[in-house]
S.K.: 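First the structure, then my questions, so here it is.
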Amino acid sequence: MVGGVIQQVLRKKLQSQAAATPVLSLLNAKKFHEDAGPAGMKSLRAFALLGAGISGLLGFATVASADEAEHGLAVANYPWPHSGILSSYDHASIRRGHQVYQQVCASCHSMSLISYRDLVGVAYTEEETKAMAAEIEVADGPNDEGEMFTRPGKLSDRFPSPYANEAAARFANGGAYPPDLSLITKARHNGQNYVFALLTGYHDPPAGVAIREGLHYNPYFPGGAIAMPKMLIDGAVEYEDGTPATEAQMGKDVVTFLSWAAEPEMEERKLMGFKWIFVLSLALLQAAYYRRLRWSVLKSRKLVLDVVN
């Protein structure tokens, strides 16, 4: 009972002090303004604007840091040779990129939407592609006896998957699921630049950043920790054409190959667009000439108004 009375008395005292504090603050501020005069007011406004600016910069830096941690470090825009309006793919780079995919990426990542016949005329001849497809074994069937069988690959077969299903892929990679690379440059924001930065952006974690065992630090990956280790190492692939297999060269070639895989019709689409622009330009010139021809009589005629008759 006594404790309750004491609590009520303390609560009333605190409330009275809280109510009196704003009044005292206003009186003190008014007195300060009267004593300071116009010069003091200008200084006060300047300090207020400076404080607001510093607060805004700190808030922006905090938001930028949080966004970087969530979405990864912003990537640079690289001058890809096929990104121009009338530019085409570097087919030698596509071939080298396919070689990098086969020897480095295919052990974990699938490309389930690409068939061997898609490579004919793009990076390989038909004979080379048939020999490449024959190196794999494809489950087919059933045969006349109702049993499944294996056969050598054909041009119509798609690239083989390294794992039978998603559960097997996660088990082999510590719970991480390697994504399919058929449309990876379209499935990621700023896809080509992001994939290149991710492949070449592995570093040691900075001071104060702890990376869990089994993960690797990459600032371009959301969260900064990725299960895939650094795969592109200088000399990891021996190119058929003798091009030096540096890390940047392999990254550029494999991104070019993945860009082609995600958009194999790009060259044909650009060529068709150029043809349509040319035809429509001729139609526009013809329409402009016809308009000038038809309206020239009306625009050049002279009207005479006879007000007397």
Side-chain angles (χ1 to χ4, degrees), residues 64 66-115 118-119 122-123 158-159 161-162 166 169 173 176-203 215-233 236-237 245-273:
D67 183 74
E68 178 181 326
E70 181 180 359
H71 301 289
L73 188 66
V75 301
N77 291 320
Y78 300 100
W80 299 101
H82 54 268
S83 60
I85 298 177
L86 299 179
S87 301
S88 62
Y89 288 118
D90 182 356
H91 290 259
S93 183
I94 293 177
R95 179 167 180 145
R96 292 193 301 266
H98 176 256
Q99 186 178 350
V100 174
Y101 167 76
Q102 273 192 318
Q103 299 183 18
V104 179
C105 309
S107 59
C108 295
H109 294 274
S110 61
M111 294 190 72
S112 59
L113 301 180
I114 305 299
S115 302
D118 296 329
L119 297 173
V122 176
R158 298 191 174 183
F159 287 3
S161 176
E166 181 178 345
N173 292 277
Y177 181 56
D180 186 274
L181 300 183
S182 301
L183 302 173
I184 193 65
T185 58
K186 294 295 184 183
R188 299 294 185 269
H189 175 67
N190 201 4
Q192 299 177 87
N193 297 316
Y194 167 75
V195 174
F196 180 83
L198 183 71
L199 292 175
T200 59
Y202 285 86
H203 301 287
L215 299 180
H216 308 273
Y217 178 72
N218 192 318
Y220 298 102
F221 188 76
I226 184 172
M228 182 179 70
K230 180 180 178 63
M231 301 301 296
L232 299 184
I233 303 173
V237 175
T246 61
E247 178 185 359
Q249 183 66 51
M250 289 187 292
K252 180 254 185 186
D253 291 335
V254 75
V255 169
T256 302
F257 169 70
L258 295 176
S259 300
W260 165 82
E263 204 173 8
E265 78 288 347
M266 186 199 72
E267 294 176 336
E268 183 179 355
R269 189 184 70 246
K270 286 183 177 181
L271 182 61
M272 184 61 65

S.K.: Do His203 and Pro219 make a side-chain contact, defined as non-hydrogen atoms from C-beta onward lying under 4.5 Å apart?
M.R.: yes

S.K.: Do Asp118 and Pro264 touch side chain to side chain, with heavy atoms closer than 4.5 Å?
M.R.: no

S.K.: When rounded to the nearest 0.5 angstrom, what is the spacing between SG in Cys108 and CE in Met231?
M.R.: 6.0 Å

S.K.: Listed by chain and number, what are the side-chain contact (heavy atoms from CB on, under 4.5 Å) partners of His82, not counting sequence neighbours?
M.R.: Trp80, Tyr89, Gln192, Thr256, Ser259, Met266

S.K.: Could you report the tightest heavy-atom contact between Ser161 and Ser110, atom names first, then the distance?
M.R.: OG-CB, 3.9 Å

S.K.: To the closest 0.5 Å, what do you measure between CD (Glu268) and OG (Ser88)?
M.R.: 13.5 Å

S.K.: Determine the minimum heavy-atom distance between Gly201 and Asn218, stating which atoms define it.
M.R.: O-OD1, 3.6 Å

S.K.: Take Tyr101 and Leu181 through the test side-chain contact (heavy atoms from CB on, under 4.5 Å) and record every step on the way to the result.
M.R.: CA-CA 10 Å; Tyr101 167 76; Leu181 300 183; 4.2 Å; yes

S.K.: To the nearest 0.5 Å, tell me how far Ile233 CD1 sits from Met250 CE.
M.R.: 8.0 Å

S.K.: Sub-3.5 Å donor-acceptor pair from the side chain of Ser87 to the main-chain atoms of Ser83, do we have one?
M.R.: no

S.K.: For residues 189-200, which residue pairs qualify under salt bridge (Lys or Arg N to Asp or Glu O under 4.0 Å), counting only residues two or more places apart or in two chains?
M.R.: none

S.K.: Side chains of Leu258 and Met111: closer than 4.5 Å at any heavy-atom pair?
M.R.: yes

S.K.: Do Asn190 and Asn77 pass the side-chain contact (heavy atoms from CB on, under 4.5 Å) test, and can you show the C-alpha distance, the side-chain angles, and the key distance before you say yes or no?
M.R.: CA-CA 9 Å; Asn190 201 4; Asn77 291 320; 3.4 Å; yes

S.K.: Please report the shortest heavy-atom distance between Ala227 and Ala176, naming the atom on each side.
M.R.: CB-CB, 3.7 Å

S.K.: Out of curiosity, Lys270 NZ to Leu86 CG, how far, rounded to the nearest 0.5 Å?
M.R.: 7.5 Å

S.K.: Give, for atom CZ of Phe221 and atom CG of Leu215, the distance between the pair rounded to the nearest 0.5 Å.
M.R.: 9.0 Å

S.K.: Which heavy-atom pair separates Ser107 from Pro162 by the least distance, and what is that distance?
M.R.: O-CB, 3.5 Å

S.K.: Do Ile226 and Tyr202 have side chains that approach each other closer than 4.5 Å (heavy atoms only, starting at C-beta)?
M.R.: yes

S.K.: Can you sort out the partners of Phe159 under ring-ring contact (aromatic ring centres under 6.0 Å, His included), two or more places apart, ordered by chain and number?
M.R.: His98, Tyr116

S.K.: Might you work through the side-chain contact (heavy atoms from CB on, under 4.5 Å) test for Phe196 and Val75, ending with a clear yes or no?
M.R.: CA-CA 9 Å; Phe196 180 83; Val75 301; over 6 Å; no

S.K.: Please evaluate residues Trp260 and Glu267 with respect to the criterion side-chain contact (heavy atoms from CB on, under 4.5 Å), reporting the C-alpha separation (whole Å), side-chain torsions for both, the decisive distance (0.1 Å), and the verdict.
M.R.: CA-CA 10 Å; Trp260 165 82; Glu267 294 176 336; over 6 Å; no

S.K.: Using the test side-chain contact (heavy atoms from CB on, under 4.5 Å), find all partners of Ala187 that sit at least two apart in sequence or belong to another chain.
M.R.: none

S.K.: Please check this pair: side chain of His109 against backbone of Pro179, looking for a donor-acceptor N/O pair closer than 3.5 Å.
M.R.: yes

S.K.: Give a yes or no answer on whether the side chain of Asn193 reaches the backbone of Tyr78 with a donor-acceptor pair at less than 3.5 Å.
M.R.: yes

S.K.: Of all the heavy-atom pairs spanning Asp180 and Ser112, show the shortest one and how long it is.
M.R.: OD2-N, 2.9 Å

S.K.: Please list, chain by chain and in numerical order, all residues satisfying ring-ring contact (aromatic ring centres under 6.0 Å, His included) with Tyr177, sequence neighbours excluded.
M.R.: none

S.K.: Restricting to pairs with a member in residues 246-265, which pass salt bridge (Lys or Arg N to Asp or Glu O under 4.0 Å), not counting sequence neighbours?
M.R.: Asp90-Lys252, Arg96-Asp253, Lys186-Glu263, Lys230-Glu247, Glu263-Arg269, Glu265-Arg269

S.K.: Do you know which two heavy atoms are closest between Val122 and His91, and how far apart they sit?
M.R.: O-ND1, 2.8 Å

